[in-house]
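Single-structure report; data block below.
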Amino acid sequence: MRKEVVLITGANGEIGHGLIKHLASQGDTRILALDVMPLDESLRPLCQTFIQGDILDTMLLGRLVAEYEIRTIYHLASILSTKAEYQPETAHRVNVEGTLNLLRLAVEQSQWQGRQVRFLYPSSIAAYGLPDLNTKMLAGKVKENDWLQPTTMYGCNKLYCEHLGRYYSLYYRQLAVDCETHTIDFRGIRFPGLISADTVPTGGTSDYGPEMLHHAATGEPYACFVRPDTQLPFMAMPDAVKALLQLEQAPRESLTQLVYNVTSFSLTAKQIHEIVKKAFPEAQITFKPHLCRQAIVDSWPADIDDTAARNDWGWSPDYDLERAFEEYLIPSIRKRYTVPSH
Ligand code: AKB
């Protein structure tokens, strides 16, 4: 008997933390967690099984196909935009070949189960590429099919994997004699910059937002690597988890597209600085733009249009700007770094 599970790759990453905690709190989901790094001790008891391994290890993935009945895959593993620019070919292997391995696994599982496995794929605003700052500021809320000329390896990888998801959903082996009937049910979400109270991101280019906040709370000085006027859309982590779960649950018939923008609020680095300073008046924050990272952020939209997600599957964030900082980020981060007095 194969064990029915939900597979989460990149389980130890930022979204993985939030997703595992949420799924475990619902009680009825058996989680098979996979990560190349050891899983955080706090997450271990929440998972049915944790496997430390690589999504490029096809033998390992073959073993998973044989042992488990995988209902849904949350494929979270990836190398983020800044890190990917230092090792673009490695990023391509992990982000594209790794995703291809998971899509193949999903097809095999769908065939064997006789039903479509759901494949939830977090894509990103990095899939967009606006040619210059002026265009970015005039573009307004960018829709899913606009400005898709990413300038980073990570962005190219995300956009291409969205296409792969569409291919594996609709056209997989379309000319084969034994043309496979059971394809997969791919659902992609283009996330804005994410901010979590529990984890600090590594290797991204929207990281200046969460880094400013976490450094301020720990009293460490922070030099923000973008200009104060830099604007990006952001979202609090509980909303990112909510979006993934809500899209997973949505009836296929209500979905008019395979990839959706979602967003919560959009603000400048200066506005983040002001909010952080108000909460942590001692914070030592300076602005020291890194020209290349700045150029990446300048190519990402200042805001995105998530009307399709709102219309098709009822997306609506719980945390607007004020609630995100006042009710979630600041109190949780304050608590996280407070040393208990004995
Ligand atoms: C990154 O900065 O690479 C990510 C993203 C925007 O997808 N946070």
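Every number for a ligand or one of its atoms is a count from 1 in the order of the listing.
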Minimal heavy-atom distance between Val6 and Arg71, with the atoms involved, is CG2-NH2, 3.5 Å
State plainly whether the residues Arg166 and Glu162 are in salt-bridge range, i.e. N to O under 4.0 Å.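 No.
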Examine Arg190 relative to Tyr128 and say whether NZ or CZ is less than 6.0 Å from the centre of the six-membered ring and inside a 45° cone about the ring axis. yes
With Arg310 as the cation and Tyr260 as the aromatic partner, state whether NZ or CZ is under 6.0 Å from the six-membered ring centre and within 45° of the axis. no
Any atoms of ligand 1 less than 4.0 Å from a non-hydrogen atom of Leu80? List them with their elements.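 Listed by number with element: 3 (O).
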Which protein non-hydrogen atom lies closest to [atom], naming both residue and atom, and how far is it?
{"atom": "atom 8 (N) of ligand 1", "result": "Ser206 OG, 2.9 Å"}
{"atom": "atom 1 (C) of ligand 1", "result": "Ser81 OG, 3.3 Å"}
{"atom": "atom 2 (O) of ligand 1", "result": "Thr205 N, 2.6 Å"}
{"atom": "atom 5 (C) of ligand 1", "result": "Ser124 OG, 3.4 Å"}

Considering only heavy atoms, does Tyr154 approach ligand 1 within less than 4.0 Å through its side chain, its backbone, both, or neither?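 The part of Tyr154 near ligand 1 is the side chain, not the backbone.
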Ring-plane angle category for Phe119 and Phe186, please: parallel below 30°, perpendicular beyond 60°, tilted otherwise. parallel
Take every heavy atom of Phe191, measure it against each atom of ligand 1, and state whether any distance is under 4.0 Å.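 The answer is no: ligand 1 sits nowhere under 4.0 Å from a heavy atom of Phe191.
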Would you check, one step at a time, whether the test side chain to side chain donor-acceptor pair (under 3.5 Å) holds for Asn95 with Asn157? CA-CA 6 Å; Asn95 293 347; Asn157 296 163; 3.1 Å; yes
